[in-house]
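Take a look at the structure set out below.
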Amino acid sequence: MNWQKCREFQKKIRDNLVLKGGDFDYRNLLAVDISFKNNKAFVAAVIYNIKSNCVEKKYTLIKKNKIKYVPTFLAFREVPYILRIVNKIQRNYDIILCDGHGIMHPYRAGLATHLGYLLNMPSVGVAKSYLCGNFDKPGSDYFSHENVYDDTGNLLGYALTNRKNTKPVFVSPGYKISFEKSLKLIKLVSGKYKVPEPIHVADKITKKLRDNND
DNA sequence: GCGACAG
DNA sequence: ATCTTGTCGC
């Protein structure tokens, strides 16, 4: 991997961000996640109905993996597999939900943003842990949240308590959606675990795939 | 030089 | 992410 070139691409994404849109008549969402083991990538995509909070369809894919994880370059490891599985799926969804940051990234080019940019469609990122930004610790109540800012005071997203007595998750717009709509959407598909229901489902699928493979 | 660093 | 036991809170 040429990380210099990758960084340049992230800067290109940053300079072409679209943080507007996200009309709220969404019907379906696509959640994607990947597990890794023995140089293999176990990929899952879930079509989730936002209105009824139901999983409509599940897709899986297993591919060889040679790409290593390097901090701030997660998208370059995961996007190739996500694109492969996305190309197998009928485009009957309005937005993509990723297990990773959106613009809450040193170059505003986290996984969700990177993917939304390439597919030219709305996306939102939800990460389980911190990457960058300044914020006050949110309260322990369900849906309690605090803004996350960069060093110059620009809003990056939110630290959201999505489950009581648990570390917050980090919500940020990916592409073609506003901050407010991003947060609203995540609350809508919150579910009962730390990560939003669609991601939780996708994660379980990838781990089952992984464990049934060896 | 030092520390931080999604999955 | 993966590896892995006990343990705390609802």
Side-chain angles (χ1 to χ4, degrees), chain A residues 1 3 6-7 9-10 13-14 31-45 61-85 96-118 123-135 139-144 148-151 156-175 182 186 190-196 198-214:
Chain A
M1 278 281 149
W3 301 117
C6 290
R7 189 64 91 207
F9 189 67
Q10 289 181 331
I13 292 174
R14 177 193 62 192
V32 291
D33 193 33
I34 307 178
S35 284
F36 295 92
K37 190 177 188 184
N38 298 332
N39 296 316
K40 282 182 184 173
F42 302 88
V43 193
L61 174 73
I62 302 179
K63 299 292 285 183
K64 283 185 187 171
N65 170 58
K66 301 214 65 174
I67 310 169
K68 302 230 169 191
Y69 166 73
V70 175
T72 74
F73 291 111
L74 173 68
F76 293 90
R77 173 167 157 95
E78 302 208 340
V79 158
Y81 305 111
I82 296 174
L83 291 179
R84 291 295 291 267
I85 200 168
I96 298 184
L97 179 54
C98 292
D99 182 13
H101 292 287
I103 67 165
M104 200 181 288
H105 174 280
Y107 292 85
R108 310 292 183 274
L111 174 60
T113 304
H114 192 126
L115 191 61
Y117 176 81
L118 290 180
S123 62
V124 176
V126 176
K128 296 180 292 298
S129 55
Y130 175 85
L131 176 59
C132 67
N134 313 305
F135 66 100
S140 57
D141 293 338
Y142 191 47
F143 283 168
S144 175
V148 180
Y149 301 98
D150 69 10
D151 289 335
L156 292 176
Y158 312 94
L160 170 72
T161 300
N162 202 35
R163 192 175 184 194
K164 289 181 180 177
N165 298 307
T166 302
K167 291 282 189 184
V169 293
F170 298 87
V171 179
S172 61
Y175 191 68
S182 299
I186 296 311
S190 170
K192 48 191 289 200
Y193 305 104
K194 171 171 176 173
V195 297
I199 290 182
H200 185 262
V201 171
D203 181 65
K204 298 291 268 190
I205 295 172
T206 65
K207 286 183 165 61
K208 187 182 293 183
L209 261 188
R210 177 196 64 188
D211 296 337
N212 289 337
N213 194 260
D214 52 24

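In the text below, chain A, chain B and the rest are named by the order of the sequence lines, each starting its count at 1. Computed from heavy atoms alone, side chains included, the values below leave out hydrogens, waters and symmetry copies.
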Derivation of the side chain to side chain donor-acceptor pair (under 3.5 Å) call for A:N213 and A:K40: CA-CA 10 Å; A:N213 194 260; A:K40 282 182 184 173; 3.2 Å; yes
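Taking the side chain of A:S35 as heavy atoms from C-beta on, and the options B:dA6, C:dC3, C:dT2, the nearest nucleotide is C:dT2. In the set B:dC5, B:dA6, C:dC3, B:dA6 carries the atom at the smallest distance from any side-chain atom of A:L111.
Between A:H200 and A:Y193, the ring planes are parallel. Angles under 30° get that label, and only those over 60° would be called perpendicular. Ring geometry for A:H114 versus A:F9: interplanar angle of 30 to 60°, hence tilted.
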Pairing annotation in dot-bracket form, given for DNA chain B with Watson-Crick or G-U pairs under 3.5 Å and | for cross-strand partners: .......
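The NE2-C1' distance, from A:H105 to B:dA4, rounds to 13 Å in whole Å. Rounding to whole angstrom units, CD1 of residue A:I34 and C1' of C:dT2 are separated by 15 Å. In this entry the distance linking CZ of A:F36 with P of C:dA1 reads 10 Å, nearest Å. Note: NZ (A:K194) to P (C:dG9) measures 17 Å, nearest angstrom. With rounding to whole Å, A:H101 atom NE2 is found 12 Å from B:dA4 atom C1'. Rounded to whole Å, atom P of C:dA1 lies 17 Å from atom CD1 of A:I67. Atom NZ in A:K128 sits about 15 Å away from atom C1' in B:dC5, given to the nearest Å. Note: CZ (A:R210) to P (B:dG7) measures 15 Å, nearest angstrom.
Crowding of A:D151 atom CG: a count of heavy atoms from other residues, nucleotides or ligands under 6.0 Å not exceeding 12.
Remark: of the listed residues A:D33, A:I186, A:V195, A:V32, A:I186 is the sole one forming a side-chain contact (heavy atoms from CB on, under 4.5 Å) with A:L97.
For C:dA1, one of the phosphate oxygens OP1 or OP2 lies less than 4.0 angstrom from a side-chain nitrogen or oxygen of A:K207. Between A:S129 and B:dG7 there is a side-chain polar atom (N or O) within less than 4.0 angstrom of OP1 or OP2. Distances shown here put a side-chain N or O of A:Y69 below 4.0 Å from the OP1 or OP2 atom of B:dA6. Between A:T72 and the phosphate of B:dA6, there is no side-chain N or O to OP1/OP2 separation shorter than 4.0 Å. Within the 4.0 Å cut-off from OP1 or OP2 of C:dC10, not a single side-chain nitrogen or oxygen of A:K192 is found.
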Could you list the donor-acceptor pairs under 3.5 angstrom formed by side chains in residues 68-75 of chain A, with sequence neighbours left out?
from, atom 1, to, atom 2, distance (Å)
A:T72, OG1, A:R7, NH1, 3.2
A:T72, OG1, A:R7, NH2, 3.1

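Within 4.0 Å of A:Y130, counting heavy atoms only, lie sugar-phosphate atoms of the nucleic acid but no base atom. Using a 4.0 Å heavy-atom criterion, one finds that A:F42 contacts no nucleic acid atom at all.
Within the 4.5 Å cutoff, no side-chain heavy atoms of A:S123 are placed close to those of A:L111. Looking only at side-chain heavy atoms (C-beta outward), A:L156 and A:Y149 stay at 4.5 Å or farther from each other. A:T113 places none of its side-chain heavy atoms less than 4.5 Å from the side chain of A:H105.
Contacts between residues 159-168 of chain A and DNA chain C, counted as heavy-atom distances below 4.0 Å, involve A:N165.
With hydrogens and angles disregarded, no donor-acceptor distance shorter than 3.5 Å links the side chain of A:T206 to the backbone of A:A44.
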